[in-house]
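Below: one structure, written as structure tokens.
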Amino acid sequence: MRLVKFALGLLLLTPLLASAEEVGQVSTVFKFVGPNDRIVVEAFDDPKVDGVTCYLSRAKTGGVKGGLGLAEDRAEASIACRQVGPIRFKGELKDGDEVFKERTSLVFKTMQVVRFLDKKRNTLVYLVYSDRLIEGSPQNAVTAIPILPWPTAQ
């Protein structure tokens with residue numbers, strides 16, 4: 001019963017996270033069977049901050065296991081977030097809020113993006129990292145967006 005409640009809770013939280021759309025990809029390793037290993041570039045909008053889009057590049061494992069969703073993707077990722085319109089907050093922001101999360105192995109590994117608000121410098125900071133149920137990875141990337149007025153048409 002606890003597992004059912006936990007799964008239901010995860011489903012209810014899912015709409016609060018951004019979903020990514022693929023912008024493009026390049027092949028890095030040819031595989032005879034199954035898809036090639038590749039680097040994928042995805043874009044997602046911050047669900048709590050209008051006017052911010054983040055671009056995430058990361059490796060995806062191909063081959064038979066990758067094609068079936070059984071492979072474990074590498075922990076490396078790169079992120080670049082940009083102001084693409086007037087910045088408006090949709091409610092209160094909490095430091096370390098999870099903005100994006102995606103499974104990178106069958107069960108235990110995820111890649112996630114969290115947001116921090118640097119009030120002193122009036123800047124949004126986004127951090128991407130990978131973790132496992134037991135042990136995470138110190139590999140990470142960070143990007144920052146100064147909150148600036150958006151020009152209006154005259």
Side-chain angles (χ1 to χ4, degrees), residues 2-28 35 37-62 66 68-152:
R2 281 186 172 164
L3 185 58
V4 171
K5 287 182 180 178
F6 177 74
L8 183 59
L10 285 177
L11 287 174
L12 293 174
L13 287 176
T14 301
L16 300 177
L17 297 179
S19 60
E21 63 183 73
E22 187 174 308
V23 173
Q25 62 177 287
V26 294
S27 177
T28 58
D37 289 355
R38 59 202 186 283
I39 297 173
V40 177
V41 177
E42 299 168 313
F44 62 89
D45 298 324
D46 187 323
K48 281 191 165 181
V49 182
D50 281 340
V52 171
T53 298
C54 293
Y55 297 89
L56 184 66
S57 70
R58 58 198 179 97
K60 287 212 174 192
T61 305
L68 296 173
L70 303 175
E72 184 171 302
D73 294 332
R74 298 179 60 121
E76 296 95 355
S78 177
I79 189 167
C81 297
R82 298 293 182 261
Q83 182 175 0
V84 295
I87 291 181
R88 290 190 189 94
F89 300 121
K90 300 178 190 175
E92 183 182 341
L93 299 184
K94 296 177 186 165
D95 277 345
D97 266 349
E98 201 171 81
V99 178
F100 174 82
K101 185 173 189 173
E102 187 164 300
R103 179 181 61 83
T104 54
S105 76
L106 184 59
V107 180
F108 299 111
K109 189 175 178 185
T110 62
M111 180 163 293
Q112 46 203 322
V113 176
V114 293
R115 177 196 341 93
F116 298 92
L117 176 59
D118 181 351
K119 290 182 183 176
K120 180 179 176 183
R121 294 165 190 85
N122 199 35
T123 301
L124 292 166
V125 180
Y126 293 84
L127 170 71
V128 61
Y129 67 99
S130 180
D131 67 354
R132 286 188 182 155
L133 188 61
I134 308 255
E135 178 183 335
S137 170
Q139 296 174 342
N140 64 82
V142 68
T143 187
I145 303 172
I147 301 170
L148 300 172
W150 194 252
T152 57

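We number each residue from 1, following the sequence as shown.
- Side chain of Glu98 to backbone of Phe100: no donor-acceptor contact under 3.5 angstrom is found.
- Residues Ile145 and Tyr126 have side chains in contact (heavy-atom distance under 4.5 Å, counting atoms from C-beta outward).
- A distance of 9.5 Å separates CD of Gln25 from CD of Glu42, quoted to the nearest 0.5 Å.
- Between Tyr55 and Thr143, every side-chain heavy-atom pair lies at or beyond the 4.5 Å cut-off.
- In this structure Asp95 satisfies the side chain to side chain donor-acceptor pair (under 3.5 Å) test with no other residue, sequence neighbours excluded.
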Only pairs under 3.5 Å count here: list side-chain donor-acceptor contacts from residues 115-123, not counting sequence neighbours, and write none if there are none.
from: Arg115; atom 1: NE; to: Asp46; atom 2: OD2; distance (Å): 2.7
from: Arg115; atom 1: NH1; to: Asp97; atom 2: OD2; distance (Å): 3.4
from: Arg115; atom 1: NH2; to: Asp46; atom 2: OD1; distance (Å): 3.0
from: Asp118; atom 1: OD1; to: Lys120; atom 2: N; distance (Å): 3.4
from: Asp118; atom 1: OD1; to: Arg121; atom 2: N; distance (Å): 3.3
from: Asp118; atom 1: OD1; to: Arg121; atom 2: NH1; distance (Å): 3.3
from: Asp118; atom 1: OD2; to: Arg121; atom 2: NH1; distance (Å): 3.0
from: Asn122; atom 1: ND2; to: Ile147; atom 2: O; distance (Å): 3.1
from: Thr123; atom 1: OG1; to: Arg121; atom 2: O; distance (Å): 2.8

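- Considering every non-hydrogen atom in both Gly96 and Val114, the closest pair reads O-CG1, 3.6 Å.
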Show your reasoning for whether side-chain contact (heavy atoms from CB on, under 4.5 Å) applies to Tyr129 and Gln139. CA-CA 6 Å; Tyr129 67 99; Gln139 296 174 342; over 6 Å; no
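- For residues 82-93, every residue pair satisfying the salt bridge (charged side-chain N to carboxylate O under 4.0 Å, His left out) rule, not counting sequence neighbours, is listed here: Asp50-Lys90.
- Pairing each heavy atom of Ile87 with each of Gly51, the nearest pair is CG1-O, 4.3 Å.
- Nearest approach of Val41 to Ser57, heavy atoms of both residues: CG2-CB, 4.1 Å.
- Considering all non-hydrogen atoms of both residues, Ala141 and Ser78 come closest at CB-CA, 4.1 Å.
- The heavy-atom pair separating Pro146 from Gln83 by the smallest distance is O-OE1, 3.8 Å.
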